Protein chains: 4
Amino acid sequence: MEVTPGARVWAIAEGYIPEDSTGPEPAMASHETACLLNASDEDAEVRITLYFSDREPVGPYRLTVPARRTRHVRFNELEDPVRVPRGTDYASVIESSVPIVVQHTRLDSRQAENALLSTVAFPAG
Amino acid sequence: MEVTPGARVWAIAEGYIPEDSTGPEPAMASHETACLLNASDEDAEVRITLYFSDREPVGPYRLTVPARRTRHVRFNELEDPVRVPRGTDYASVIESSVPIVVQHTRLDSRQAENALLSTVAFPAG
Amino acid sequence: MEVTPGARVWAIAEGYIPEDSTGPEPAMASHETACLLNASDEDAEVRITLYFSDREPVGPYRLTVPARRTRHVRFNELEDPVRVPRGTDYASVIESSVPIVVQHTRLDSRQAENALLSTVAFPAG
Amino acid sequence: MEVTPGARVWAIAEGYIPEDSTGPEPAMASHETACLLNASDEDAEVRITLYFSDREPVGPYRLTVPARRTRHVRFNELEDPVRVPRGTDYASVIESSVPIVVQHTRLDSRQAENALLSTVAFPAG
């Protein structure tokens, strides 16, 4: 590929992990996912910072997306430096050492039937 | 962060607050949300203008998103200068004094199971 | 507003009007909508062209979005030059005389509970 | 049209074909679709490469979108060089010989009522 798709900074303004789930775990647990694609030939060192409405940002959460790999990160599994709070509005900024592509998905299983949403994150630099 | 993600003008062409809701209030009330992220180190002074199909625009609705904070604004809670009408198509333009990121979400609970939609708003300047 | 948000050419690659609906008409009829926002001070003369998988494009469908107005266009109500076929994949290109913003929404009511999708269209020029 | 909308490289970071479906086949089978619009006057030669979390990319899958046509590609029907695995996270990069527009849709019918998601893919070049 002549053009490696992506950007080095992404933002997801919408974030919310519901407190309750229905259905079999873990596939049907309510979750928010950031899908990261690194189509380049270098490993991507990724830093995620979370923003809240009523306190200072937390982070960075650090992870690696190897060269030519995708990684679907569940926000409800991020634990270091702190577990992502449930039932709380948040937003996230994702920075990478190489261009990546980020898409945001939420599965909401609070009611019997699931709702899905997805959107490409906002590329900023 | 070297790059503050965002833009100063955003547009959401799709807006509609259903008249009826099912489920426990307020979490399951039908609502439209504009999720605003201000990852900069300055407070963002935000002005929202609403557009309709059959009358002149109304606004601005004014609010502040503090530095390094996110704020999830429910359109059905905007009341000054006027309450946002139910059952009416509208669109919105969001202007900010510093770059922010805007994402648009709707929870539609007119029927027993909820529908969710979300998309990044259109960045214009 | 110093910047009028928008673009003059937009594309929606995903289009499909289901053949069947459930629920009360017309609010719950399956439909695809293009939400158009004209935040400028000039009327927007809009031309919509539909593309198919197996025949030449049809159009233009012509409509006006007045200055400072939004208009939510249901594809299943477009009739001139031809009614939009049901149960058929299509795509659309939307051209405007002034910058507008376009968002795409579908309500799918083939099953008992509705599904909603929405995304900002692709701005091309 | 003076401007042909589109880009030559697109990325979809979110990909997942559920293993189970409910409802009548094939319209209600769980599927992921890439909707491709070629509004130009030249045929588009398209190459799709799939990325995974735990193995090297596969592809290219090759297909043609004729001039002035749209084509809605179901990932679960891609078979050459290999069938797309079920129940596995993946991402995709779509390259075209002429500018096209790509939109990503998923129908998830694992539960009784369907969930739909859609978003414009990320244009990269």
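Here the structure is a predicted model, which is why all the values come from computation and not from measurement. Chain naming here is simple, since letters A, B, ... match the order of the sequence lines and numbering starts at 1 in each.
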Participant: Kindly compute the distance separating CD1 (A/I12) from OG1 (B/T70), expressed to the nearest 0.5 Å.
Facilitator: 11.5 Å
Participant: Provide the closest heavy-atom pair for A/S92 versus B/L37 in the form atom of the first, atom of the second, distance.
Facilitator: O-CD2, 4.1 Å
Participant: So which heavy atom on B/H72 is nearest to which on A/E14, and how close?
Facilitator: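 In terms of heavy atoms, the two residues are closest at CE1-CA, 4.3 Å.
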Participant: With a 4.5 Å limit on heavy-atom distance, are the side chains of A/F52 and B/R69 in contact?
Facilitator: no
Participant: Among B/C35, B/P66, B/A34, B/A67, who wins on heavy-atom pairs under 4.5 Å with chain A?
Facilitator: B/C35
Participant: For a quick test of reading the model, state the closest non-hydrogen atom pair linking A/V93 to B/A39 and the distance between them.
Facilitator: CG2-CB, 4.3 Å
Participant: Is it true that atom CD of B/E42 has more than 12 heavy atoms of other residues, nucleotides or ligands lying nearer than 6.0 Å?
Facilitator: no
Participant: When you compare the side chain of B/R71 with that of A/S53, does any pair of heavy atoms fall below 4.5 Å?
Facilitator: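 With C-beta onward as the side chain, the pair stays apart.
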